[in-house]
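The next block holds one structure in the form of structure tokens; read it before the comments.
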Number of protein chains: 2
Amino acid sequence: MSRNWQEAVKEVIDESRVLTDISDLYSYSFDASFGTFVPEAVIQVKAREEVVSVVKIANEYKVPVYPRGQATSLSGGSLPVHGGMVLDVTLWTDTLEVYHDDLVVVASPGVLTADINQAAEEHGLFYPPDPSSAHVSTIAGNLAENSGGPRGLKYGVTKDYVIGLEVVTPEGKVMNTGGRTIKNVTGYDLTKLIVGSEGTLGIITKVTLKLLPKPQATKTMMAVFDDIAEAGAAISQTLTSGILPSKMELMDQNCAISVENFQPFGLPTDAEAIILIELDGHPDVLEKEIQSVDEIVRGVGARYTVLAETNKEAANLWKARKMVSPAIAAVKPTKVSEDATVPRSKIPEMIHRLNDIKEKYEIELVVFGHAGDGNLHPNIMCDKRDQEEMMRVEEAVGEIFQAAIELGGTLSGEHGIGTLKAPFMEDEVGELGIEMLKKIKDSWDPNNIMNPGKIFAEPGQKLVLRDE
Amino acid sequence: MSRNWQEAVKEVIDESRVLTDISDLYSYSFDASFGTFVPEAVIQVKAREEVVSVVKIANEYKVPVYPRGQATSLSGGSLPVHGGMVLDVTLWTDTLEVYHDDLVVVASPGVLTADINQAAEEHGLFYPPDPSSAHVSTIAGNLAENSGGPRGLKYGVTKDYVIGLEVVTPEGKVMNTGGRTIKNVTGYDLTKLIVGSEGTLGIITKVTLKLLPKPQATKTMMAVFDDIAEAGAAISQTLTSGILPSKMELMDQNCAISVENFQPFGLPTDAEAIILIELDGHPDVLEKEIQSVDEIVRGVGARYTVLAETNKEAANLWKARKMVSPAIAAVKPTKVSEDATVPRSKIPEMIHRLNDIKEKYEIELVVFGHAGDGNLHPNIMCDKRDQEEMMRVEEAVGEIFQAAIELGGTLSGEHGIGTLKAPFMEDEVGELGIEMLKKIKDSWDPNNIMNPGKIFAEPGQKLVLRDE
């Protein structure tokens with residue numbers, strides 16, 4: 001037995017890929033959420049056997065293992081909160097194979113999500129999940145957090161496309177789940193258990209995803225509402241008209257103002273809500289369907305609508321939507337991005353509650369997001385150096401979660417629980433829910449080495465957005 | 001403490017719904033698969049609190065609990081193989097509510113799947129999973145086995161539509177999983193773990209399902225092939241052309257012959273394969289898409305195609321497909337229905353292997369099924385009173401499973417493992433796979449009272465289709 005786990009790791013992994021310099025460790029100490037936690041070593045794994053060796057060492061020495069992709073997590077999924085080792089999969093991109101006839105793609109964990117989609121498109125296929133980080137995030141990270149995106153409305157989320165996994169268990173064994181078939185009811189669905197488990201049940205070393213035929217065309221429109229309740233009605237009535245849009249994105253007034261201040265797109269800044277709608281499918285039918293949607297949204301009271309006549313016009317509308325994040329990031333240095341999700345019918349009420357919370361805590365809050373599936377993104381603009389402001393923000397975030405749960409919704413639609421939302425888990429799933437989750441975790445990972453500190457709150461843990 | 005568990009049950013459940021007469025018990029001793037197992041009591045539960053009370057008694061007395069819907073299981077999911085108590089949910093139909101604005105429906109476990117679809121259609125919505133038993137099977141049974149159906153190709157299976165559950169755990173506690181939102185990444189996905197777990201992890205007492213806008217129209221065509229490999233190519237090429245049919249059903253030659261002998265529909269009996277294709281969506285685009293599909297299937301060598309001009313013609317083609325089961329049931333008294341599933345590209349090879357198995361064991365075998373998603377239904381026609389024949393059938397079934405696994409497929413696409421396929425589980429998921437499944441099972445159900453004898457094989461268990 002080696003003197004310590006770091007030495008043991010260096011015996012099985014090329015030393016050039018075992019980082020222990022303090023400057024390297026610092027660059028792995030944060031993600032896109034909050035907090036700084038310095039790991040003891042970073043291991044840049046590139047093969048299944050390497051993961052097996054390293055996890056066996058971790059399990060033997062009882063060292064925390066923190067799997068990490070591009071660390072775009074908004075909930076702290078990849079933060080090494082208890083030190084130990086980070087397993088960086090970003091160099092592991094050797095496999096990216098489309099099996100055209102089976103409509104599946106097989107990829108290494110470090111492959112970027114956008115690269116998977118590009119490979120699929122070369123075969124006339126597509127991979128629907130479209131988190132806004134797709135161009136920089138790894139597929140394994142997307143799986144860990146079960147990423148969503150605007151297309152979730154029509155096409156579902158990451159989990160709906162994962163049909164097979166190769167996973168290294170917390171005890172360092174290689175397990176294959178699912179396979180290459182769309183239908184599979186052989187035992188419990190370990191594939192869907194592992195997707196979204198945020199790296200707490202094993203390390204994903206290979207993924208098999210199902211693909212769909214790529215839609216032939218898309219069509220975009222914008223609808224402008226003076227009353228947010230009418231925007232909610234427009235969403236419901238469209239969705240029950242027999243038309244299923246590929247995207248239905250909402251921006252509130254504060255959001256439109258921020259974008260227009262940042263870069264003018266011609267968004268109305270005096271309307272209570274703007275909805276961007278995209279339809280996809282056969283070009284002939286899109287023309288008719290977009291007219292039907294236009295009638296519906298005008299019928300419930302839209303002030304006006306804009307139908308993109310060209311791809312360029314459509315792209316411009318979507319660019320305005322994409323500018324929301326940079327626009328609000330420019331307002332103040334810190335952005336707290338939430339993803340509280342409610343049943344679709346509760347969207348107007350949720351937005352009213354968010355406005356109440358904004359006023360109560362005197363915070364700067366904008367609301368945008370995937371309204372078609374109830375997945376809102378309330379974003380708070382603040383300054384994390386201002387301790388007093390951040391305490392108000394912390395309380396406001398707690399109330400946002402409470403409001404979502406009270407309206408029959410959930411803490412998180414697509415960002416995951418990570419460290420940030422762990423203190424609120426019990427409010428949603430109850431004591432029994434936590435107990436049943438923990439039973440699974442404990443049975444698979446008795447030494448609690450896999451991404452410890454995530455999903456399950458430590459005793460007394462509270463939301464902290466300040467550096468302490 | 002009561003003298004025995006039967007007495008304890010009668011203290012909490014109205015005696016009229018606790019059946020212990022031997023004639024009653026016999027009617028609960030079988031399902032649509034093989035074997036006869038008489039339970040010690042049947043309890044017709046109608047409320048969550050009843051299930052809580054009964055499960056607590058079962059856990060205290062360590063008595064097996066066998067949840068049961070309409071017992072249409074083809075894998076033995078509802079068989080009370082170790083006696084104990086059957087929990088019959090068929091009387092429990094009080095809740096069936098469509099929440100139109102949220103696009104969800106909430107139902108009691110005993111509601112028939114077809115009734116859910118009818119309720120949804122009254123709101124312009126639909127519930128896509130369409131197992132052929134939908135008119136007689138309960139939604140809880142569909143969830144337990146994660147039922148599929150022809151529309152799985154485009155719309156996925158039962159699991160893809162379950163977003164929330166109320167479940168009584170093996171220790172008699174009420175747990176809520178998921179909710180009413182489409183997106184939810186709060187902790188491990190217990191909803192999708194429980195769906196397809198065949199009643200081994202708890203009793204489902206309420207289900208929340210997501211609905212979709214109902215497609216406006218459908219269009220059907222039949223394509224006839226002299227070479228099964230061409231039929232496989234037709235499926236692949238259609239699916240990569242940008243068109244996603246709602247159904248792609250295959251019938252082999254033996255199948256067509258059986259149907260025509262049973263009731264003439266004008267199916268060609270000299271062709272190696274027939275594919276029935278249904279498209280759904282906007283009526284204008286269907287007309288164009290069906291022409292595109294027609295060109296594709298002719299391009300790969302279809303002998304001829306038939307495009308249904310009217311709904312009546314379409315219904316007639318689908319009726320021929322629906323007649324397959326009764327037609328082959330009329331050939332011989334016993335029908336062994338399998339659902340081995342392979343990656344789409346392996347369909348022609350799987351069909352050739354099935355024909356080899358048919359010849360090797362001199363059995364009567366037809367192949368039909370959901371070819372678009374690789375989910376074939378090899379059916380063997382036999383006579384279970386003929387012990388010698390049934391032994392050949394048992395060996396043939398084992399080889400069918402082996403062939404599916406060798407081709408990268410699975411034992412079961414939509415029927416579940418139950419008792420029948422339990423002996424083959426390890427061949428597919430490996431020793432480690434079984435171990436990881438068992439860890440979950442043991443952690444939730446330490447006394448192994450929930451549907452014991454399913455999924456996990458008993459030591460030395462073999463496939464037995466004969467009454468022993």
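Naming: A, B, ... by sequence-line order, numbering from 1 per chain.
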Residue B/Lys421 versus chain A: region with a heavy atom under 4.5 Å: neither

Whether A/Asp102 side chain and B/Ser345 backbone form a donor-acceptor pair below 3.5 Å: yes

Beyond-backbone contact of A/Leu193 with B/Ile440, side-chain heavy atoms, under 4.5 angstrom: yes

Among A/Ile455, A/Leu201, A/Leu411, A/Asp442, residue most engaged with chain B (heavy-atom pairs, under 4.5 Å): A/Leu201

CD on A/Glu435 to NZ on B/Lys173, rounded to 0.5 Å: 4.5 Å

A/Tyr99 portion near chain B, given a 4.5 angstrom heavy-atom threshold: neither

Heavy-atom contact with chain A under 4.5 Å, split by part of B/Leu212: side chain

Polar side-chain atom of A/Lys183 near backbone of B/Gly149 as donor-acceptor pair, under 3.5 Å: yes

Closest non-hydrogen atom pair between A/His415 and B/Val185, with its separation: N-CG2, 3.9 Å

Side chain, backbone, both or neither of A/Glu145 within contact of chain B (heavy atoms, under 4.5 Å): backbone

Minimal non-hydrogen separation, A/Val342 against B/Thr181, with atom names: C-CG2, 3.4 Å

Max heavy-atom pair count under 4.5 Å with chain A, selected residue of B/Lys214, B/Lys454, B/Glu198, B/Met425: B/Met425

Segment of A/Lys154 engaging chain B (4.5 angstrom heavy-atom cut-off): neither

Straight-line distance of A/Glu414 CD to B/Ile182 CD1, nearest 0.5 Å: 13.0 Å

A/Asp189 versus chain B, the contacting section by heavy-atom distance below 4.5 Å: both

Sub-4.5 Å side-chain heavy-atom contact between A/Arg344 and B/Leu103: yes

Closest contact, heavy atoms only, A/Leu239 versus B/Leu125: O-CD2, 4.3 Å

Which portion of A/Lys288 sits near chain B, non-hydrogen atoms under 4.5 angstrom: side chain

Toward chain B, the part of A/Met436 with a non-hydrogen atom under 4.5 Å: both

Rounded distance (nearest 0.5 Å) linking atom OG of A/Ser236 with atom NE2 of B/His100: 8.0 Å

Under 4.5 Å from any heavy atom of chain A - which part of B/Leu437: both

Top contributor to chain B interface from A/Gly281, A/Gly416, A/Gly124 [non-hydrogen pairs under 4.5 Å]: A/Gly416

Atom group of A/Val174 that falls short of 4.5 Å from chain B, counting heavy atoms: backbone

Residue pair B/Asp284 / A/Glu287, side-chain heavy-atom distance below 4.5 Å: no

Pair B/Thr410-A/Thr186, side-chain donor/acceptor within less than 3.5 Å: yes

Chain B contact via A/Gln216 - side chain, backbone, both or neither, heavy atoms under 4.5 Å: side chain

Shortest non-hydrogen contact between A/Lys192 and B/Asp160, atoms and distance: CE-OD1, 4.5 Å

Interface residue of largest heavy-atom contact number with chain B, from A/Val429, A/Asp339, A/Thr200, under 4.5 Å: A/Thr200

Engaged part of B/Met175 at the chain A interface, taking heavy atoms whose separation is under 4.5 Å: both

Distance-minimising heavy-atom pair for B/Ile417 and A/Gly187: CG1-N, 3.8 Å

Best-contacting candidate, A/Gly409, A/Ser147, A/Pro283, A/Ser197, against chain B by heavy atom pairs under 4.5 angstrom: A/Ser197

Contact class of B/Phe456 relative to chain A, heavy atoms under 4.5 angstrom: side chain

Spatial distance of atom CG (A/Leu407) from atom CZ (B/Arg180) [nearest 0.5 Å]: 11.5 Å

More than 12 heavy atoms from other groups under 6.0 Å of NZ on B/Lys439: yes

Contact class of A/Pro343 relative to chain B, heavy atoms under 4.5 angstrom: both

